[in-house]
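Naming: A, B, ... by sequence-line order, numbering from 1 per chain. Heavy atoms only: backbone and side chains are in, while hydrogens, waters and symmetry mates are out.
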2 protein chains.
Amino acid sequence: MTAQRRVVAEVLDGEHVHLTADEVHARAVAKLPEISRATVYNTLGELVSLGEVLEVSTDRRAKRYDPNAHQPHHHLVCARCGAIKDVHPMGNPMADLPDSERFGFTVSDVEVTYRGICPNCTAA
Amino acid sequence: MTAQRRVVAEVLDGEHVHLTADEVHARAVAKLPEISRATVYNTLGELVSLGEVLEVSTDRRAKRYDPNAHQPHHHLVCARCGAIKDVHPMGNPMADLPDSERFGFTVSDVEVTYRGICPNCTAA
DNA sequence: TACGAACTTGGACGTGATCCAAGGTCCTCC
DNA sequence: GGAGGACCTTGGATCACGTCCAAGTTCGTA
Ligand SMILES: [Mn+2]
Ligand SMILES: [Mn+2]
Ligand SMILES: [Zn+2]
Ligand SMILES: [Zn+2]
C-alpha cells in the first residue's frame, strides 16, 4: 500500500459517484501533486480486479469507476448531459430470459441501462 | 444512391449479424474494391440516422452495426469470444423502474445486456 | 458543354487507454 | 550498515477507433 494507491482509494471511497480516470487523477493530484496518470490507471485496474470498484460504460466516452460495488444496481443516464443515477428496478431481469433464449450460454450477469432526460436538461 | 452506398446496404441487408465498421468495410471491398473506410463510416452514420441500422456497443471495442432495427430486442454476449445473440426477455424492463427510482427523468429507452459463456467457449 | 451540388477519398487529427523502459522505494539478508 | 531484489511509479510512446477536412470526382441540369 503506497501513498499513491491510498490516495486513489480515498478519492473513490464513500463517494457515491461515477468518475472517469481523468477525474480521479485530477482529485488525486489535489492530494498528492506528482501522482501520474499511469499509476491512476494501474490502481483503478487493480481495484476492479479485486471487485472493490466497478467499471461502468454508459457511453463510448471514458469509462467510469463506481465504488458502489457491493450493492447490485443498474444505471439511469441523461442522454443530454450524461448525468448518471444508480437505480434498482423491480424483479430480477436475469429471470426474465427464458431458457429458449439462452442458446446454450451460461448466463452470469445482466446489465440494464435506462436512458432519458434529467430534470435539469428538461428545464433548460 | 451511389454504388458505394448500395454496397454498404447490401453487406448489412438481410444478414442478422453485428458487424464492426471494419468488417463492413472488408466485405464491401470484396464487392467494390476501391471503397474507402471514410465512406463506410459516412454511410453507416446515415443508416443509423435513418433508423435503418442500430449501433450496438456491447464492449469498449469497435461499435457494431445491427440491421435488425425494426424488431426491438436485447443482446446476449459471450464474455470470452464476443459472440452476440439477439434475445427477447419476457416482460417490459421499462415498467420495472418505479417512479421513485426515476429521479424526475423522462425515461425513454432501456437497454439490457446479458453476459455469459457461449457453448463453444464452454466446450473449449 | 459549363456549372454546381453532392459524394468520395486518403490522410491528419483527437480521445481514451495501454504499454514500456527507466528509475525509485523499501524490505530482507548478510 | 550495505547489497540485492521485488515491486511500484513515471512520462512518453504507441495503439485502436472514430471523426474531420481539403481536394478531387461524379452527375444532373441548363
Ligand atoms: Mn453506480
Ligand atoms: Mn441485435
Ligand atoms: Zn441532463
Ligand atoms: Zn464464446
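- Here C:dG14 presents its P atom at 20 Å from CZ of A:Arg60, a figure rounded to the nearest Å.
- Atom CG of B:Asp22 is separated from atom P of D:dC17 by 7 Å (rounded to the nearest Å).
- In this entry the distance linking CG of A:Asp59 with P of D:dC17 reads 17 Å, nearest Å.
- For the OP1/OP2 pair of D:dG18 and a distance below 4.0 Å, the side-chain nitrogens and oxygens of B:Tyr41 include at least one atom meeting the criterion.
- Toward the 5' end of DNA chain D, the nearer of the two residues B:Arg64 and B:Asn42, judged by each one's closest nucleotide, is B:Arg64.
- Nucleotides of DNA chain C nearest to B:Thr39 and A:Arg37 differ in position, and the one nearer the 5' end is that of B:Thr39.
- The listed nucleotides are C:dC7, D:dA16, C:dA17; the one nearest the side chain of B:Arg61 is D:dA16.
- Nucleic acid contact for B:Ala38: base, since at least one base atom lies under 4.0 Å from a heavy atom of the residue.
- In this structure, OH in A:Tyr114 is found 5.5 Å from CG in B:Asp96, a value given to the nearest 0.5 Å.
- Rounded to whole Å, atom C1' of C:dT9 lies 13 Å from atom CG of B:Leu32.
- A 6.0 Å sphere centred on CG of B:Asp22 holds more than 12 heavy atoms belonging to other residues, nucleotides or ligands.
- Residue B:Lys63 has its side chain nearest to D:dG18 when only D:dT10, C:dT8, D:dG18 are considered.
- What separates CD1 of B:Ile35 from C1' of C:dC7 is a distance of 12 Å, to the nearest Å.
- Atom CD in B:Gln4 sits about 5 Å away from atom P in C:dT8, given to the nearest Å.
- Comment: B:Glu55 does not engage A:Arg60 in a salt bridge, judged by the lack of any side-chain N to carboxylate O separation of less than 4.0 angstrom.
- For the residue pair B:Ala69 and B:Val53, the shortest heavy atom distance occurs at CB-N, 4.0 Å.
- Within a 6.0 Å radius of CG in A:Asp109, more than 12 heavy atoms belonging to other residues, nucleotides or ligands are found.
- Nearest to the side-chain atoms of B:Glu34 among the listed nucleotides D:dT9, C:dT18, C:dG10 stands C:dG10.
- Remark: P of D:dT9 and CG of A:Leu44 are 12 Å apart, rounded to the nearest angstrom.
- Rounded to whole angstrom, the span from the CD atom of A:Glu23 across to the P atom of C:dG16 amounts to 10 Å.
- In the set D:dC17, C:dC7, D:dG11, the nucleotide with an atom closest to the side chain of B:Thr2 is C:dC7.
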